[in-house]
Student: 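Please see the structure below; I have some questions.
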Amino acid sequence: VTEVETLNDVLANEHAALYVYGVLGARTSESGTPDLYAALRASYDVHRARRDELTGLVAADGATPAPAATAYEVPGGLETADGVTGAALALERACAAVYATAVAGTTAERREWAVTALNDAAVRELGFRGTPEMFPGAGEYADR
Amino acid sequence: VLGRRGVLAGALGLAALSACDVDDLRPPEDEPTPTASPTATTSSEPDSDQQIADYVGHRLATMGRVVDDTRKAFPRLRARLQPLARMHRAHLEVLPAPDGDEIPPMAPVDGTAAEALAYLLAQEGTLQKSLADLAGGVQSGALARLLASMSASVSQHLAALPAPATDGRPS
């Protein structure tokens with residue numbers, strides 16, 4: 001797997017994250033649960049920025065940025081704020097794992113980008129009732 | 001489980017091991033980790049990753065002692081700092097201090113609990129940044145991933161630290 005392929009995998013994940021966040025936001029009442037809505041909005045904005053950064057990085061390498069799919073599988077149980085919160089937490093944890101994989105598969109500035117993204121995702125989990133982990137994005141070390 | 005952890009910890013505690021031993025950090029086969037492009041790897045010396053792993057083990061052990069000493073000196077902070085103490089212990093199980101490593105005695109924790117806490121949090125912040133920086137510089141992708149995850153864990157723990165439960169007076 002080359003570095004640009006790794007980045008394209010992360011880009012594909014960002015497309016999916018954006019789609020799911022869009023659905024989560026649509027299922028959330030801005031007036032009824034303003035904190036949750038704000039957290040979802042902020043996360044959406046971060047992932048959109050990451051998508052744009054990755055698109056630029058991949059294109060700069062002369063590769064074709066991974067396109068977004070028409071639709072993605074959306075988790076169930078989104079009828080309640082708790083369900084939406086749980087889905088957002090699961091999404092950020094999945095993103096953290098993808099960023100951690102990108103750390104391993106890149107070097108130099110690209111790796112620094114992935115390290116920053118991993119740190120950000122780990123902290124963002126807390127906004128969705130996540131609790132601190134020993135090894136965000138690399139949970140197998142906690143299970144040894 | 002304990003056996004695997006022990007093997008890993010023991011292997012990384014030996015300074016003479018070659019860099020390929022650090023690659024034992026790679027995750028299980030069902031979670032393949034892409035390898036960095038050979039043409040784009042850093043120009044580290046062959047044993048530099050092992051040296052960095054040893055250095056990180058020393059830093060983790062030192063920081064763990066700072067946390068433990070602060071908890072002992074200020075019982076009011078014990079519960080609040082317990083997650084940090086657990087985190088350092090968990091990290092040390094994966095990247096232990098090298099054999100024979102001596103942690104220098106810490107200066108007595110004095111001042112108020114608030115001052116001690118502020119010092120400790122500053123040190124944790126420095127550790128987080130160091131782990132992130134070191135992740136960017138090691139040759140092994142697996143070690144980079146581990147260091148980055150550790151840095152993210154420190155970030156998380158600091159962000160989740162409960163609000164102060166002390167009025168700042170020494171306990």
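Chain identifiers are assigned alphabetically (A, B, ...) following the order of the sequence lines, protein sequences preceding nucleic acid strands; residue numbering begins at 1 within each chain.
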Student: By a 4.5 Å heavy-atom criterion (distance strictly below it), what part of A:Thr116 contacts chain B: side chain, backbone, both, or neither?
Tutor: neither

Student: Does any non-hydrogen side-chain atom of A:Asp120 lie less than 4.5 Å from one of A:Tyr99?
Tutor: no

Student: If I measure from the heavy atoms of chain B, does A:Glu125 come under 4.5 Å with its side chain, its backbone, both, or neither?
Tutor: side chain

Student: Among side-chain atoms of A:Tyr21 and A:Glu92, is any donor-acceptor pair under 3.5 angstrom?
Tutor: yes

Student: Among side-chain atoms of B:Gln156 and A:Asn119, is any donor-acceptor pair under 3.5 angstrom?
Tutor: no

Student: Side chains of A:Thr107 and A:Glu3: donor-acceptor distance under 3.5 Å anywhere?
Tutor: yes

Student: For A:Leu118, which atoms come within 4.5 Å of any heavy atom of chain B: side chain, backbone, both, or neither?
Tutor: both

